[in-house]
Amino acid sequence: MFDTTAAFVTTGRSGYELLADPQLNKGTAFSETERDAFDLHGLLPPNVSTLDEQVSRRLQALRSFETDLERYAFLRELQDTNETLFYALLVGNLEELLPIVYTPTVGAGCQQFSRLFRKPRGLFLSIPHKARIDRIFAQPRFDAVEAIVVTDGERILGLGDQGAGGMGIPIGKLALYTGCGGLHPATTLPILLDVGTDNSDCLTDPLYVGWRHERVRGQEYDDFVEAFVSAVIKRWPRVLLQWEDFAKNNATRLLERYRDRLCTFNDDVQGTAAVATGTLLAAVNVTGVPLTEQRVAVLGAGSAGCGIASLIRAAMRDAGLSESEATARFYMVDRDGLLVEGMPGLTSFQLPFVQARKAIEGWKLDHPDRIGLLDVVRNARPTVLIGVSGQAGTFSEPVVRAMAECNGRPIIFPLSNPTSRAEATPVDIEAWTEGRALIGVGSPFPPITRGGARFKVDQTNNSYIFPGVGLGALAVGASRVSDGMFMAAAKALASSSAARDNPKHNLLPPVSALREVAAKVAFAVAIQAHQEGLTADVPIDRIDQRIHAKIWTPRYVPYRRKMD
Ligand SMILES: NC(=O)C1=CN([C@@H]2O[C@H](COP(=O)(O)OP(=O)(O)OC[C@H]3O[C@@H](n4cnc5c(N)ncnc54)[C@H](O)[C@@H]3O)[C@@H](O)[C@H]2O)C=CC1
Ligand SMILES: CC(=O)C(=O)O
Ligand SMILES: [Mg+2]
């Protein structure tokens with residue numbers, strides 16, 4: 001386990017080599033003694049700064065930019081120059097910086113990746129270099145790796161195929177692993193599986209940095225992923241591997257293939273499920289309609305949609321419903337309308353959530369051959385409406401008004417990212433429901449006005465879950481990540497809700513509290529792993545201490561020169 005509490009660091013690097021290493025560089029904060037010992041005099045201006053002074057300097061520079069994309073590029077550059085400073089800035093300003101490091105700006109960062117590319121971060125594993133994976137992994141720099149986030153760039157937020165530009169997502173997710181979950185940056189590794197791209201803008205862009213090839217699919221793709229996972233297990237047998245932003249035809253399939261072979265999970269399927277379930281449990285407290293009486297409509301029956309349905313259904317079973325009673329409460333709507341039994345083209349992970357033909361007999365439909373979202377809301381009268389379709393504006397005024405007509409307090413979560421892809425905006429939902437809706441959004445939105453005051457709508461994003469799941473799993477050396485661990489994470493999140501005491505308060509803690517949320521989620525996840533027999537021999541009364549020992553706080557420690 002990486003020692004996050006080391007009192008000093010010993011290094012053989014000096015001069016420019018030391019300044020060029022983002023894991024070791026302190027910039028102007030190198031002390032006089034360190035400047036003597038590491039030949040840094042003259043390479044730095046003479047004034048020695050504190051970390052706080054450096055943070056103030058960078059914050060001032062950051063705020064002077066005109067656009068968020070410039071701020072994103074600035075922060076990425078800082079991350080690649082001085083990680084301690086980058087994280088001190090991030091941790092101290094989560095609310096302000098998360099929308100830049102993470103959604104929505106990270107989406108633009110992926111789209112502009114080839115233009116912004118400066119220094120290498122993480123690993124690009126491309127099909128032409130499949131045979132070299134072991135050798136790439138073998139570099140000593142990666143000895144401390146404990147957490148990997150991997151994507152193949154095919155479904156980047158709601159922005160589709162971004163090819164190698166998708167690397168922005170693992171980088172952003174791991175920034176949250178450290179910024180919110182406290183994992184030491186040296187233990188994190190972003191990976192992009194470059195299997196080509198079907199994005200013609202990338203393929204025809206002379207500046208595109210990825211492998212210029214159409215996306216490889218089928219057996220060759222599967223063989224490549226297998227080579228990757230096998231090499232990961234060989235190099236880091238106890239690593240936590242997070243799958244991120246894979247397209248619908250791969251996400252659940254790969255999760256099922258690998259979830260029993262290593263400590264791994266899919267964030268879009270399982271992390272999203274936990275944040276949606278946790279927020280819903282908090283909302284149920286407010287509306288007073290028990291979970292067992294909720295009816296849930298989901299727009300977008302893909303990885304996130306079916307993951308969400310699956311975990312909410314499990315929560316309904318825990319609350320006393322049978323499997324079939326719980327299943328009947330879900331209305332999954334995709335491109336071709338409501339999923340009903342016998343519909344052609346259903347995937348294996350959609351099949352458990354189809355509605356029985358009999359259940360919809362007698363429904364009044366706008367068009368007899370297609371059951372759209374509005375039909376579902378009018379006929380099924382759902383209490384909850386969740387959007388994970390990546391399609392902006394699909395929670396139209398008639399749909400939202402219909403939700404408001406059949407519910408005193410409709411629960412409406414347009415969760416698609418980035419901001420431009422949200423199914424509806426909080427301002428519109430607030431207006432169309434006369435302020436009665438309980439709203440959750442995937443990306444940050446400006447505050448709305450509620451009861452004459454500004455109200456910040458909850459950002460219902462898996463960032464409330466994955467840093468804590470990773471921290472908890474790693475702290476106790478979990479061998480696997482189970483569905484039970486995600487349920488524990490969801491319940492821990494719900495128990496942090498301020499709305500438990502006052503229904504006018506937020507369903508979720510603010511983004512500024514994400515570090516505390518991660519620690520709480522980590523504890524619940526680790527306890528659950530222990531109860532399921534998935535941990536190494538960590539006594540239950542040591543779990544809290546293990547978690548806190550793993551949380552790194554960005555600060556400078558003194559350096560000592562390593563003698564040859
Ligand atoms: N708030 C959060 O924490 C998270 C949000 N998301 C967002 O959810 C969205 C979907 O992600 P995934 O499920 O992984 O993608 P996916 O591609 O697996 O699923 C999207 C589904 O939406 C369907 N769809 C597309 N257009 C539609 C339309 N007009 N009406 C109904 N269905 C339509 C697609 O056919 C597909 O089944 C993305 O925008 C992503 O950013 C995903 C994960 C976490
Ligand atoms: C938040 C996230 O994981 C997504 O939008 O894909
Ligand atoms: Mg994602």
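Small disclaimer: the values here were computed from a predicted structure and weren't measured. We count ligands from 1, going down the list as the structure has it; atoms in each ligand are counted the same way.
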Element-labelled atoms of ligand 2 that are located less than 4.0 Å from some non-hydrogen atom of Arg155: 6 (O)

Numbering as shown, the atoms of ligand 1 that approach Asn417 to under 4.0 Å (heavy-atom distance): 1 (N), 2 (C), 4 (C), 5 (C), 7 (C), 39 (O), 41 (O)

Numbered atoms and elements of ligand 1 in range of Gly442, under 4.0 angstrom, heavy atoms: 1 (N)

Trp211 ring center within less than 6.0 Å of Phe124 ring center: no

Glu214, CD atom: more than 12 neighbouring heavy atoms under 6.0 Å: no

Numbered atoms and elements of ligand 1 in range of Ala301, under 4.0 angstrom, heavy atoms: 37 (O)

Element-labelled atoms of ligand 2 that are located less than 4.0 Å from some non-hydrogen atom of Lys173: 1 (C), 2 (C), 3 (O)

Close-contact set for ligand 1 against Gly390 heavy atoms, below 4.0 Å: 9 (C), 39 (O)

Verdict with reasoning, Phe466 to Phe265, per ring-ring contact (aromatic ring centres under 6.0 Å, His included): CA-CA 9 Å; Phe466 70 80; Phe265 70 96; 7.7 Å; no

Proximity flag Thr103 to ligand 2, non-hydrogen atoms under 4.0 Å: no

Within-shell test, Tyr102 vs ligand 2, heavy atom, strictly < 4.0 Å: yes

Side chain, backbone, both or neither: Asp268 near ligand 2, heavy atoms under 4.0 Å: side chain

Ligand-side contact atoms (ligand 1) for residue partner Leu299, heavy atom cut-off under 4.0 Å: 30 (N), 31 (C)

Proximity of Asn461 to ligand 2 by residue part, where a heavy atom lies under 4.0 Å: side chain

Residue and atom name of the nearest protein heavy atom (relative to atom 5 (O) of ligand 2), distance in Å to one decimal: Asn417 ND2, 2.7 Å

Winner among Gln459, Lys248, Gln350, Arg335 once heavy atoms are compared against atom 17 (O) of ligand 1: Lys248

Part of Thr272 within contact of ligand 1 (heavy atoms, under 4.0 Å): side chain

Contacting atoms of ligand 2, where contact means under 4.0 angstrom from a heavy atom of Asn462: 1 (C), 2 (C), 3 (O)

Candidate pair Arg215 and Asp194, rule salt bridge (charged side-chain N to carboxylate O under 4.0 Å, His left out), full reasoning: CA-CA 9 Å; Arg215 206 167 260 282; Asp194 194 349; over 6 Å; no

Atom indices of ligand 1, in the order listed, that fall short of 4.0 Å to a heavy atom of Asp268: 43 (C)

Proximal ligand 1 atoms for Ser416, defined as those under 4.0 Å from one of its heavy atoms: 7 (C), 8 (O), 9 (C), 39 (O)

2.8 Å cut-off met by an N, O or S atom of Glu244 to the Mg ion (ligand 3): yes

Subset of ligand 2 atoms that lie under 4.0 Å from at least one heavy atom of Glu244: 3 (O)

Selected option - heavy-atom contact closest to atom 18 (O) of ligand 1, from Ser303, Gly372, Gly337: Ser303

Ligand 1 atoms in contact with Thr460 (distance to a heavy atom under 4.0 Å): 1 (N), 2 (C), 3 (O)

